Amino acid sequence: MPICPDRPRPFTCAICGERREYRWPGPVQCWPVEPVCRWCEQTFGTVIPAPGAFRDRRLLSVFSALAEALHTEAAHQHYRRHYGTA
């Protein structure tokens, strides 16, 4: 029986589009939650200081990162349509 769980599987991030392979993923609490890599989660997501389980707060952070990425892309599409590209 292994002491540590298996490493997270490689996946392509839904926000940045890069393939993430975690050779040394660090503590289990910091592992990425698919489909968003840890960097995008910390950059686009918001930290939820509410009571609750740690995993629930991580999932809320992933969902907020996805929502923020969708909002940003929609704003880019809107401004490109009205003002064109540089």
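Here the structure is a predicted model, which is why all the values come from computation and not from measurement. What's counted below: heavy atoms across the whole structure, side chains too, no hydrogens, waters or symmetry copies.
Shown here are the side chain to side chain donor-acceptor pair (under 3.5 Å) partners of R20, two or more places apart in sequence or in another chain: there are none. The side-chain contact (heavy atoms from CB on, under 4.5 Å) check on A67 picks up nothing, with sequence neighbours excluded. Considering only residues two or more places apart in sequence or on other chains, R81 meets the side chain to side chain donor-acceptor pair (under 3.5 Å) condition with none of them. Among residues two or more places apart in sequence or in another chain, the side-chain contact (heavy atoms from CB on, under 4.5 Å) test is passed with T72 by E68, H76. For Q42, there are no side chain to side chain donor-acceptor pair (under 3.5 Å) partners, not counting sequence neighbours. Checked against side chain to side chain donor-acceptor pair (under 3.5 Å), E73 has the following partners two or more places apart in sequence or in another chain: Q77. Judged as a side-chain contact (heavy atoms from CB on, under 4.5 Å), and not counting sequence neighbours, the contacts of R19 are P10, T12, E21. Looking at residues two or more places apart in sequence or on another chain, you find a ring-ring contact (aromatic ring centres under 6.0 Å, His included) between Y79 and Y83. Applying the side-chain contact (heavy atoms from CB on, under 4.5 Å) criterion to L59, with sequence neighbours excluded, gives V33, F63.
The two residues C16 and C37 have their closest heavy-atom pair at SG-SG, 4.1 Å. Of all heavy-atom pairs spanning F44 and I15, the tightest one is CE1-CG2, 3.5 Å. Considering all non-hydrogen atoms of both residues, E41 and V36 come closest at N-CG1, 3.7 Å.
Side-chain contact check for P32 versus W39: every heavy-atom pair is 4.5 Å or farther apart.
Atoms CZ and SG, on R38 and C13 in that order, are 12.5 Å from each other to the nearest 0.5 Å. One finds the CZ atom of R9 at 12.0 Å from the CH2 atom of W31 (value rounded to the nearest 0.5 Å).
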